[in-house]
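Below you'll find the structure, written out as structure tokens, and then a few comments.
Below, chains carry the letters A, B, ... as their sequence lines are ordered, and counting in each starts from 1. These numbers come from the heavy atoms of this one structure, side chains and all, not from hydrogens, waters or symmetry mates.
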There are 2 protein chains.
Amino acid sequence: MLPMKSRYALKALVFLARHQADGPVPVAGIAAAEAIPVKFLEAILLELRNSGILTSRRGPTGGYQLRVEPETVHLGDVIRNLSGPMAPLPCLSKTAYHRCTECVDEATCAVRLLMADVHAATLRIVDGTTLAQLVARVDASAAGEAEGQSERCRPEQGPVSAKLDFID
Amino acid sequence: MLPMKSRYALKALVFLARHQADGPVPVAGIAAAEAIPVKFLEAILLELRNSGILTSRRGPTGGYQLRVEPETVHLGDVIRNLSGPMAPLPCLSKTAYHRCTECVDEATCAVRLLMADVHAATLRIVDGTTLAQLVARVDASAAGEAEGQSERCRPEQGPVSAKLDFID
DNA sequence: CCAATTCCTATCATCGCGATAGGCTTACTT
DNA sequence: AAGTAAGCCTATCGCGATGATAGGAATTGG
């Protein structure tokens, strides 16, 4: 499960990307629009500021604002900054690597072999997607919704076993 | 993080796939070989039995054994059976779907759009891999290890942004 | 009948997560 | 200069999931 911290952060960033022209946006405004607990969001935005993605101004007319262009914000970094490494095994994290205590031989660990692929696939998506791209996809989704169209039907399906399309 | 329950289960299944010819293998044997707490593994194998993957016999010479061919065991089902759905958001699970309480509009939810791709990629791997394939990969990995060879360099890399190869 | 083994239920300690409380600091407005 | 709207910071708390253990009952081969 993606932690609430990261979910809220992504929602807030999309919101801020949309309101780039409006100058600083106060926490309360974002929280109200996205249904996020104010104090919780406050802590999240503070972290995003400290990691360099946001700027803040205090006092009246203050608030938060994107510091960098949405095209340069990689969503994987956002998730990592707030919720730590997303490796499915300790031994698959580069920055927080540590040997799995239960692992007899890391080089031939079946679990590791399997999850390494999962991890790589995940990173390819979250690190390969920018905030700007995500905003664009939301727009496309909202537009296609009216026509009952679901864009992005995973075109690069690849030669899988041709079974059912997987669920859960 | 993949729960210990699922990690242990995968290790045990690989072990059992290797010892298919030996008849029933007692829990203690698997636990010793794979460094798994005995009582914990006991509960896990029991669940795998109840879900139809394993058979068991009691008494002396008893133990656990694969009930089906390794080619028919999809690893995604193993993980699901033991640790529940692996959807990164409640609203992405088919069998345990429920609306995200924090989500204002599911159809245009940015988090959902992003994680849907992650989820699909994960399922493609875990449901597209069988126990037999995993055993084969471990063998290949062990063989290539001697020559300093790392097989499976993710050949289907695709046209990503050509940046670094992602970590964490 | 004995011993090995599965089977079943209950219980426990720990930890991370989501959230809240309360106050301090900054700075705009009047 | 005062008032107030906002960010900033620290501490704390309840809750549930997780990983694990204990103890015994049921089964079955030798």
Taken to the nearest whole Å, CE/B/M4 to C1'/C/dT14 is 15 Å

Residue set satisfying side-chain hydrogen bond (donor to acceptor under 3.5 Å, both in side chains) with B/D139, at least two apart, ordered chain then number -> B/R18

Sorted by chain and residue number, the side-chain hydrogen bond (donor to acceptor under 3.5 Å, both in side chains) partners of A/T61 (sequence neighbours excluded) come out as A/R57

The complete set of ring-ring contact (aromatic ring centres under 6.0 Å, His included) pairs with one or both residues in residues 109-131 of chain A, sequence neighbours excluded, reads none

Within the 3.5 Å criterion, strictly below it, is a donor on A/T108 or B/S141 matched to an acceptor on the partner's side chain? no

To the nearest angstrom, the CZ-P distance between A/F40 and D/dC8 comes to 17 Å

Residue pairs passing the ring-ring contact (aromatic ring centres under 6.0 Å, His included) test with at least one member in residues 11-66 of chain B, sequence neighbours excluded, are B/Y8-B/F40, B/F15-B/H19

In whole angstroms, the gap separating P of C/dT20 from CG of A/L41 amounts to 12 Å

A correct 5'-to-3' footprint of nucleotides 2-12 of chain C, with B, S and - meaning base, sugar-phosphate only and no protein heavy atom under 4.0 Å, is --BBBBB----

side-chain hydrogen bond (donor to acceptor under 3.5 Å, both in side chains) filter on B/R67, not counting sequence neighbours, yields none

To the nearest angstrom, the CD1-C1' distance between A/I44 and C/dA19 comes to 10 Å

Exercise for the section: Using only side-chain N and O atoms of B/Y8, determine if any of them is under 4.0 Å from OP1 or OP2 of D/dG19. Expected result: no

